[in-house]
Amino acid sequence: NMVRTLSPYQDLSRGLLRVLAMVAYKQPITQSQIVKVIGNRAYVYVKALEERGLIKTVKQSRTKALIATKEFAEYFGLEKPEDFKKFFEEQMKEK
């Protein structure tokens with residue numbers, strides 16, 4: 001829910017936002033790590049986020065490494081994806 005208040009757009013579902021937040025905060029994170037937290041529906045979320053250009057996947061052994069893209073940064077009004085962690089932590093301090 002915290003992530004929804006950070007999003008300037010309301011067009012991403014709660015599940016998509018949850019996965020996107022995990023990727024942005026912990027990147028690079030593996031798809032298998034996300035599946036452990038969220039369950040099998042994470043595969044659908046990852047595919048949808050990749051199709052929208054918000055994350056990039058890189059084959060890593062039997063899973064994929066997930067990284068936020070430049071489009072992700074633009075979506076949240078950031079200069080680069082790496083700025084999200086700092087941005088998120090600042091938002092948490094204000095709450």
Side-chain angles (χ1 to χ4, degrees):
N1 230 0
M2 172 66 194
V3 177
R4 182 168 295 284
T5 62
L6 300 177
S7 175
Y9 308 102
Q10 300 298 311
D11 61 337
L12 294 177
S13 73
R14 189 172 174 203
L16 288 173
L17 283 172
R18 188 171 177 204
V19 171
L20 193 54
M22 290 172 70
V23 171
Y25 196 77
K26 301 224 180 227
Q27 66 180 324
I29 186 172
T30 64
Q31 182 170 274
S32 57
Q33 288 173 297
I34 292 176
V35 169
K36 283 179 189 167
V37 175
I38 294 180
N40 284 337
R41 63 191 182 283
Y43 295 110
V44 176
Y45 296 148
V46 166
K47 186 172 194 251
L49 290 169
E50 188 174 26
E51 285 171 356
R52 289 184 77 151
L54 295 173
I55 64 170
K56 182 171 73 171
T57 63
V58 180
K59 188 90 174 112
Q60 185 178 37
S61 185
R62 291 174 50 190
T63 188
K64 296 176 182 177
L66 311 176
I67 344 170
T69 62
K70 187 171 175 11
E71 288 81 1
F72 161 84
E74 289 168 5
Y75 184 89
F76 283 94
L78 304 169
E79 281 194 36
K80 54 190 187 300
E82 297 78 24
D83 294 342
F84 180 78
K85 189 171 187 173
K86 185 177 163 197
F87 168 73
F88 185 78
E89 287 168 353
E90 287 169 2
Q91 293 294 319
M92 291 300 291
K93 284 178 192 166
E94 291 175 15
K95 293 278 173 197

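Bear in mind that the values here come from a model prediction, so they are computed numbers and not experimental data.
Put simply, the side chain of V46 does not reach to within 4.5 Å of the side chain of V35, judged on heavy atoms. Side-chain contact between L16 and L54 is absent, with no heavy atoms from C-beta onward closer than 4.5 Å. A 4.5 Å side-chain heavy-atom check between I55 and I67 finds every atom pair outside the cut-off. Side-chain atoms of I38 and R18, non-hydrogen and from C-beta on, do get closer than 4.5 Å to each other. Between T30 and L66 the shortest side-chain heavy-atom distance does not fall below 4.5 Å.
Annotation: the span from R14 atom CZ to Y45 atom OH amounts to 9.5 Å, rounded to 0.5 Å. Between atom CD of residue Q27 and atom NZ of residue K56 there is a gap of 10.0 Å, rounded to the nearest 0.5 Å. Distance check, rounded to the nearest 0.5 Å: CG of L17 to CE of M22 gives 13.0 Å. Here CZ of R52 is found 12.0 Å from CD of E71. Values are rounded to the nearest 0.5 Å. For the atom pair E89 CD and E94 CD, the distance stands at 13.0 Å (nearest 0.5 Å). Atom NZ of K70 sits about 11.0 Å away from atom CG of L78, to the nearest 0.5 Å.
Ion pairing of D83 with K80 is present here, as a side-chain N (NZ or NE/NH1/NH2) and a carboxylate O approach within less than 4.0 Å. Look at K47 and E51 and you find a salt bridge, because one of the NZ, NE, NH1 or NH2 atoms lies within 4.0 Å of a carboxylate O, short of that distance.
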side-chain contact (heavy atoms from CB on, under 4.5 Å) assessment of L12 paired with Y75: CA-CA 11 Å; L12 294 177; Y75 184 89; 3.4 Å; yes
Test side chain to side chain donor-acceptor pair (under 3.5 Å) on Q31 and T63; report intermediate values, then the result. CA-CA 6 Å; Q31 182 170 274; T63 188; 4.9 Å; no
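When the shell of 6.0 Å around NZ of K59 is examined, it contains more than 12 heavy atoms from other residues, nucleotides or ligands.
V37 and V19 fall within the same hydrophobic cluster, defined by Ile, Leu, Val, Met, Phe, Trp and Tyr side-chain heavy atoms under 4.5 Å apart, directly or through other members.
Closest non-hydrogen pair, P81 versus A73, comes out as N-CB, 3.6 Å.
Aromatic ring centres of F84 and Y25 lie farther apart than the 6.0 Å criterion allows.
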